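What you are looking at is a predicted structure, and each value in this text was computed from that prediction instead of being measured.
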Amino acid sequence: MIYIERTNFNRFIAIPLIFPIIYCVAEVFSGIKNNDTPKIFIFSIIVMFSLMVIMVCVFSNLKLSFYNEYLTYDFKPFVIRTQKIKYNDITFYEIKKIDALSDFQGWGLRTSRIYGKGLITDTEIILILNVNGTIKSFSIKNEDKIRNLLQNIGLTNNGDK
(Lines give C-alpha, C1' and ligand atoms only; values in the text may rest on other atoms or scores of the structure.)
Protein backbone atom coordinates (compact mmCIF):
# COMPACT_ATOMS: atom_id res chain seq x y z
CA MET A 1 0.00 0.00 0.00
CA ILE A 2 1.30 3.43 -0.95
CA TYR A 3 -1.20 5.88 0.54
CA ILE A 4 -4.68 6.08 2.14
CA GLU A 5 -6.93 9.15 1.77
CA ARG A 6 -9.95 9.50 4.08
CA THR A 7 -12.66 12.15 3.97
CA ASN A 8 -15.88 12.51 5.96
CA PHE A 9 -19.07 14.52 5.97
CA ASN A 10 -19.08 17.70 8.00
CA ARG A 11 -20.33 16.34 11.30
CA PHE A 12 -21.57 19.74 12.47
CA ILE A 13 -24.48 19.37 10.03
CA ALA A 14 -26.02 16.96 12.54
CA ILE A 15 -26.13 19.51 15.39
CA PRO A 16 -29.22 21.44 14.17
CA LEU A 17 -31.15 18.15 14.03
CA ILE A 18 -30.79 17.68 17.80
CA PHE A 19 -33.31 20.41 18.66
CA PRO A 20 -36.17 19.00 16.56
CA ILE A 21 -35.46 15.58 18.04
CA ILE A 22 -35.78 16.94 21.57
CA TYR A 23 -39.06 18.66 20.64
CA CYS A 24 -40.42 15.51 18.97
CA VAL A 25 -39.47 13.30 21.92
CA ALA A 26 -41.33 15.72 24.21
CA GLU A 27 -44.36 15.50 21.89
CA VAL A 28 -44.21 11.69 21.94
CA PHE A 29 -44.26 11.67 25.75
CA SER A 30 -47.11 14.19 25.67
CA GLY A 31 -49.01 11.88 23.29
CA ILE A 32 -48.37 8.90 25.57
CA LYS A 33 -49.64 10.88 28.56
CA ASN A 34 -52.81 11.94 26.69
CA ASN A 35 -53.23 8.59 24.88
CA ASP A 36 -52.97 10.32 21.46
CA THR A 37 -51.87 7.50 19.13
CA PRO A 38 -51.55 9.53 15.87
CA LYS A 39 -49.36 12.10 17.61
CA ILE A 40 -47.14 9.35 19.02
CA PHE A 41 -46.83 7.69 15.60
CA ILE A 42 -46.02 10.85 13.62
CA PHE A 43 -43.48 12.25 16.04
CA SER A 44 -41.85 8.82 16.53
CA ILE A 45 -41.27 8.60 12.77
CA ILE A 46 -39.76 12.10 12.73
CA VAL A 47 -37.41 11.12 15.59
CA MET A 48 -36.32 7.90 13.84
CA PHE A 49 -35.71 9.68 10.52
CA SER A 50 -33.69 12.44 12.21
CA LEU A 51 -31.60 9.89 14.09
CA MET A 52 -30.87 8.05 10.82
CA VAL A 53 -29.70 11.31 9.19
CA ILE A 54 -27.46 12.03 12.19
CA MET A 55 -26.00 8.50 12.03
CA VAL A 56 -25.19 8.92 8.32
CA CYS A 57 -23.55 12.31 8.94
CA VAL A 58 -21.48 11.06 11.85
CA PHE A 59 -20.42 7.59 10.70
CA SER A 60 -19.99 7.84 6.91
CA ASN A 61 -16.54 8.12 5.36
CA LEU A 62 -14.85 7.83 2.00
CA LYS A 63 -11.63 5.83 1.88
CA LEU A 64 -9.33 5.81 -1.16
CA SER A 65 -6.44 3.35 -0.90
CA PHE A 66 -3.62 3.60 -3.43
CA TYR A 67 -1.62 0.42 -4.11
CA ASN A 68 1.18 -0.29 -6.60
CA GLU A 69 -1.10 -1.73 -9.33
CA TYR A 70 -4.56 -0.38 -8.47
CA LEU A 71 -6.63 1.80 -6.15
CA THR A 72 -9.64 0.83 -4.05
CA TYR A 73 -12.48 2.91 -2.67
CA ASP A 74 -15.36 2.45 -0.30
CA PHE A 75 -17.89 4.96 0.95
CA LYS A 76 -19.61 3.64 4.04
CA PRO A 77 -22.62 3.26 4.31
CA PHE A 78 -23.39 4.01 0.62
CA VAL A 79 -20.98 1.60 -1.11
CA ILE A 80 -21.27 -1.77 0.62
CA ARG A 81 -18.37 -3.57 -1.06
CA THR A 82 -14.88 -2.13 -1.64
CA GLN A 83 -14.42 -1.32 -5.34
CA LYS A 84 -11.13 -1.72 -7.23
CA ILE A 85 -9.80 0.30 -10.19
CA LYS A 86 -6.64 -0.85 -11.98
CA TYR A 87 -4.30 1.94 -13.07
CA ASN A 88 -4.19 0.38 -16.56
CA ASP A 89 -7.94 1.08 -16.89
CA ILE A 90 -7.53 4.81 -16.12
CA THR A 91 -7.28 6.88 -19.32
CA PHE A 92 -6.56 10.15 -17.53
CA TYR A 93 -7.09 11.94 -14.24
CA GLU A 94 -7.82 15.49 -13.21
CA ILE A 95 -7.82 17.25 -9.84
CA LYS A 96 -10.27 20.11 -9.63
CA LYS A 97 -11.79 22.52 -7.12
CA ILE A 98 -15.59 22.30 -7.00
CA ASP A 99 -18.61 23.43 -5.04
CA ALA A 100 -20.60 20.38 -3.95
CA LEU A 101 -23.95 22.17 -3.98
CA SER A 102 -23.69 23.74 -7.42
CA ASP A 103 -21.70 20.99 -9.17
CA PHE A 104 -23.28 17.88 -7.60
CA GLN A 105 -26.41 19.28 -5.88
CA GLY A 106 -25.21 18.02 -2.52
CA TRP A 107 -23.09 15.44 -0.78
CA GLY A 108 -23.05 11.65 -0.79
CA LEU A 109 -23.34 9.33 -3.77
CA ARG A 110 -24.06 11.85 -6.56
CA THR A 111 -24.18 12.10 -10.36
CA SER A 112 -23.13 15.08 -12.47
CA ARG A 113 -23.25 15.57 -16.24
CA ILE A 114 -19.73 17.04 -16.16
CA TYR A 115 -18.03 15.03 -13.39
CA GLY A 116 -19.80 11.66 -13.74
CA LYS A 117 -20.61 9.51 -10.73
CA GLY A 118 -19.21 11.09 -7.62
CA LEU A 119 -18.56 10.17 -4.02
CA ILE A 120 -18.71 13.62 -2.45
CA THR A 121 -17.92 14.60 1.13
CA ASP A 122 -17.21 18.00 2.70
CA THR A 123 -14.01 18.80 0.78
CA GLU A 124 -13.81 21.27 -2.12
CA ILE A 125 -11.33 19.24 -4.17
CA ILE A 126 -12.16 16.19 -6.29
CA LEU A 127 -10.13 13.60 -8.11
CA ILE A 128 -11.72 12.88 -11.50
CA LEU A 129 -10.82 9.57 -13.14
CA ASN A 130 -11.72 8.44 -16.65
CA VAL A 131 -11.99 4.67 -16.20
CA ASN A 132 -12.51 2.99 -19.59
CA GLY A 133 -14.67 5.93 -20.74
CA THR A 134 -16.64 6.23 -17.49
CA ILE A 135 -16.04 9.33 -15.38
CA LYS A 136 -15.76 8.80 -11.61
CA SER A 137 -15.15 11.56 -9.05
CA PHE A 138 -13.91 11.30 -5.48
CA SER A 139 -13.56 13.96 -2.79
CA ILE A 140 -9.97 14.34 -1.61
CA LYS A 141 -8.13 16.49 0.93
CA ASN A 142 -4.45 16.14 0.08
CA GLU A 143 -4.32 17.13 -3.60
CA ASP A 144 -0.53 17.56 -3.82
CA LYS A 145 0.17 14.11 -2.38
CA ILE A 146 -2.32 12.44 -4.72
CA ARG A 147 -1.14 14.42 -7.78
CA ASN A 148 2.48 13.39 -7.10
CA LEU A 149 1.46 9.79 -6.48
CA LEU A 150 -0.50 9.54 -9.76
CA GLN A 151 2.31 11.22 -11.72
CA ASN A 152 4.83 8.76 -10.26
CA ILE A 153 2.59 5.88 -11.29
CA GLY A 154 2.62 7.31 -14.82
CA LEU A 155 -1.02 8.35 -15.29
CA THR A 156 -1.89 11.09 -17.78
CA ASN A 157 -3.09 14.38 -16.29
CA ASN A 158 -5.92 16.04 -18.24
CA GLY A 159 -4.97 19.53 -17.01
CA ASP A 160 -5.58 20.42 -13.40
CA LYS A 161 -7.57 23.59 -12.79
Side-chain angles (χ1 to χ4, degrees), residues 1 3-67 70-85 90 93-131 134-147 149-150 160-161:
M1 179 169 321
Y3 178 68
I4 295 177
E5 174 85 1
R6 294 180 192 268
T7 59
N8 302 312
F9 283 129
N10 186 343
R11 292 186 168 110
F12 292 110
I13 292 173
I15 291 174
L17 291 174
I18 293 173
F19 300 110
I21 288 175
I22 292 170
Y23 173 77
C24 290
V25 168
E27 288 295 325
V28 167
F29 283 120
S30 168
I32 291 171
K33 181 179 176 184
N34 298 330
N35 201 17
D36 188 0
T37 305
K39 187 177 192 179
I40 295 169
F41 180 74
I42 290 169
F43 284 105
S44 295
I45 288 177
I46 293 171
V47 168
M48 287 186 288
F49 178 75
S50 299
L51 287 174
M52 286 185 340
V53 170
I54 288 174
M55 297 294 279
V56 166
C57 288
V58 171
F59 293 111
S60 66
N61 67 42
L62 170 62
K63 178 182 168 189
L64 289 172
S65 302
F66 295 86
Y67 296 88
Y70 58 90
L71 69 90
T72 62
Y73 65 92
D74 59 16
F75 191 29
K76 305 293 186 214
F78 302 106
V79 177
I80 305 300
R81 193 170 53 93
T82 300
Q83 304 292 316
K84 180 161 87 168
I85 301 173
I90 299 173
Y93 76 92
E94 190 174 344
I95 295 176
K96 206 169 195 185
K97 191 169 190 164
I98 57 125
D99 178 45
L101 289 177
S102 64
D103 292 324
F104 283 95
Q105 288 73 46
W107 300 272
L109 186 60
R110 312 300 292 176
T111 302
S112 165
R113 282 186 307 121
I114 300 168
Y115 304 116
K117 292 184 180 180
L119 303 177
I120 308 302
T121 60
D122 70 340
T123 64
E124 296 178 344
I125 303 162
I126 60 170
L127 168 65
I128 303 165
L129 300 175
N130 184 325
V131 183
T134 303
I135 305 294
K136 297 185 180 205
S137 301
F138 305 94
S139 290
I140 60 171
K141 287 191 279 190
N142 195 340
E143 66 180 299
D144 294 330
K145 176 95 174 168
I146 291 176
R147 183 180 289 113
L149 185 118
L150 294 175
D160 296 340
K161 296 176 179 128

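Counting heavy atoms of neighbouring residues, nucleotides and ligands inside a 6.0 Å radius, atom NZ of Lys117 does not exceed 12 of them. With a 6.0 Å radius and a threshold of 12 heavy atoms from other residues, nucleotides or ligands, Gln105 has its CD atom above the threshold. Within 6.0 Å of CZ in Phe29 there are 12 or fewer heavy atoms belonging to other residues, nucleotides or ligands.
Using a 4.5 Å cut-off on side-chain heavy atoms (C-beta onward), Phe138 and Thr7 make no contact. For the pair Leu127 and Leu150, the minimum side-chain heavy-atom distance is below 4.5 Å. Taking the side chain as every heavy atom from C-beta outward, Asp103 and Ile126 never approach each other to under 4.5 Å.
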Please list every donor-acceptor pair under 3.5 Å in which a side-chain atom of residues 32-49 meets a protein atom from a residue at least two apart or in another chain.
unit_1 : atom_1 : unit_2 : atom_2 : d
Asn34  : ND2    : Ser30  : O      : 3.3
Lys39  : NZ     : Glu27  : OE1    : 2.8
Lys39  : NZ     : Ser30  : OG     : 3.4
Ser44  : OG     : Ile40  : O      : 2.6

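If you run side-chain contact (heavy atoms from CB on, under 4.5 Å) between Lys63 and each of Thr82, Asn8, Asp74, Leu119, only Asp74 comes through.
Using modelled atom types, one side-chain atom of Gln83 and one backbone atom of Arg81 make a donor-acceptor pair closer than 3.5 Å. A donor-acceptor distance shorter than 3.5 angstrom exists from the side chain of Thr123 to the backbone of Ile140, with no hydrogens or angles considered.
Under the side-chain contact (heavy atoms from CB on, under 4.5 Å) criterion, Asp144 pairs with Asn142, Arg147, not counting sequence neighbours. For Phe104, the ring pair (Phe, Tyr, Trp, His ring centres under 6.0 Å) partners at least two apart in sequence or on another chain are Tyr115.
Considering all non-hydrogen atoms of both residues, Ser139 and Leu64 come closest at O-CD1, 4.3 Å. Of all heavy-atom pairs spanning Ile120 and Phe75, the tightest one is O-CZ, 4.0 Å. Taking each heavy atom of Trp107 and Thr121 in turn, the nearest pair found is CD1-O, 2.9 Å. Counting all heavy atoms, side chain and backbone alike, Ile85 lies closest to Lys136 at CD1-CD, 4.1 Å. Counting all heavy atoms, side chain and backbone alike, Gly108 lies closest to Phe78 at CA-CE1, 4.5 Å.
Atoms CD1 and CD, from Ile146 and Glu5 in turn, are 4.0 Å apart once rounded to the nearest 0.5 Å.
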